[in-house]
Structure formats: structure tokens, C-alpha cells
Amino acid sequence: MAINKNHEFEELNGVKCGIVEKNVSPERVKFLKELLELNGYTVVVAASPPPKAAPSPAPVAPAVSADPNAPVPPPSPPPPPAPPAPETFTVGVTDVTYNTTNAIMGRLLRTKEGHKVTLAYWQQKAAESFDDIPYFRK
């Protein structure tokens with residue numbers, strides 16, 4: 001059980017892992033896997049469980065009229081099927097002490113070019129990471 005939300009761990013594919021991110025797209029999995037493996041972590045990816053579907057409402061029986069000659073209303077059409085859930089994944093590393101917040105803010109991760117990983121680079125808002133000034137010195 002995690003102490004707080006920033007330090008989660010669970011078992012993925014039979015391996016105890018520190019959770020990096022949950023419910024991520026395949027493109028994000030590729031980015032995270034490359035970055036974390038470059039920094040010496042063993043990455044484990046598992047499919048996220050599908051979201052729980054809300055129970056469908058029970059069908060209501062039509063009211064029976066006392067008049068035998070009254071027209072019978074047609075049955076209501078079945079509800080449309082729910083759209084398929086997007087395929088998402090949970091990304092973890094075998095190092096259970098891994099903490100994403102500490103890794104980014106502590107400047108512990110590096111890019112292919114050797115630059116420190118910034119928050120904008122981690123969130124894929126910036127294509128490259130050139131910020132070598134820590135956030136607390138700006």
C-alpha cells in the first residue's frame with residue numbers, strides 16, 4: 001500500500017513495480033519506456049483494466065390496461081451499445097523506490113542528448129529539454 005499518491009507501487013504482470021503512470025496511451029508508453037530504459041530502469045507495461053460499466057436500468061413493464069380492446073404500445077428499442085473503451089496501459093519500473101515527482105524535480109533523469117529532463121519535456125509539451133537551471137533558481 002502506498003504511503004501517498006506520489007509513491008504508488010503494485011504488481012504488474014507478476015512483478016512488484018513502482019508505478020510511473022496509469023491509463024496512458026500507446027504513444028505515451030513508447031515515450032516513457034524509451035526515456036526510463038535510457039536512464040537504467042527496467043520498465044514493465046501492463047494493460048489497464050477496463051472501466052467498470054454502469055448497470056443498465058431494469059426494463060419497465062408496460063402498464064396493463066383494463067380495456068381489452070386498447071392498443072398495446074410497441075416495446076421500447078434497446079439502448080445503443082456503449083462505445084468501446086480506449087486501450088490504455090499502466091507503466092511501472094521494477095525499482096519500487098522510484099518516485100516520478102522526485103525524479104523530475106530532482107533532475108535525476110536525462111534525455112538521449114544528455115540534457116536533464118524538465119517537467120515540460122516529461123509532459124511532452126516541449127520537444128527538447130534545454131533547461132539546465134533548476135526551477136528554484138529562476
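Phe9 CZ to Lys16 NZ: the interatomic distance, rounded to the nearest 0.5 Å, is 5.0 Å. Note that the CG atom of Asn23 and the CZ atom of Arg28 stand 13.0 Å from one another [nearest 0.5 Å]. With rounding to the nearest 0.5 angstrom, the CG atom of Leu35 is 12.0 Å from the CZ atom of Arg110. With values rounded to the nearest 0.5 angstrom, Tyr98 atom OH is found 12.5 Å from Cys17 atom SG. The OG1 atom of Thr111 sits 7.5 Å away from atom CG of Leu38, with the distance rounded to the nearest 0.5 Å. Interatomic distance, NZ of Lys33 versus OG1 of Thr42, reported as 10.0 Å (0.5 Å rounding).
Judged by distance alone, the side chain of Asn39 and the main-chain N or O of Leu109 form no donor-acceptor pair under 3.5 Å. One N or O on the side chain of Asn13 and one on the backbone of Val45 form a donor-acceptor pair closer than 3.5 Å.
Figure legend: cation-pi geometry between Arg107 and Trp122 absent, as NZ or CZ is not positioned both under 6.0 Å from the six-membered ring centre and within 45° of its axis.
When every heavy atom of Lys22 is checked against every heavy atom of Glu10, the shortest pair comes out as NZ-OE1, 3.1 Å. Residues Ser48 and Phe89 share a closest heavy-atom pair of OG-C, 3.2 Å.
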Verdict with reasoning, Val20 to Tyr41, per side chain to side chain contact (heavy atoms under 4.5 Å, CB included)
CA-CA 11 Å; Val20 178; Tyr41 292 102; over 6 Å; no

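For the side chain to side chain contact (heavy atoms under 4.5 Å, CB included) criterion with Ile19, the lone passing option out of Thr100, Thr90, Val44 is Thr90.
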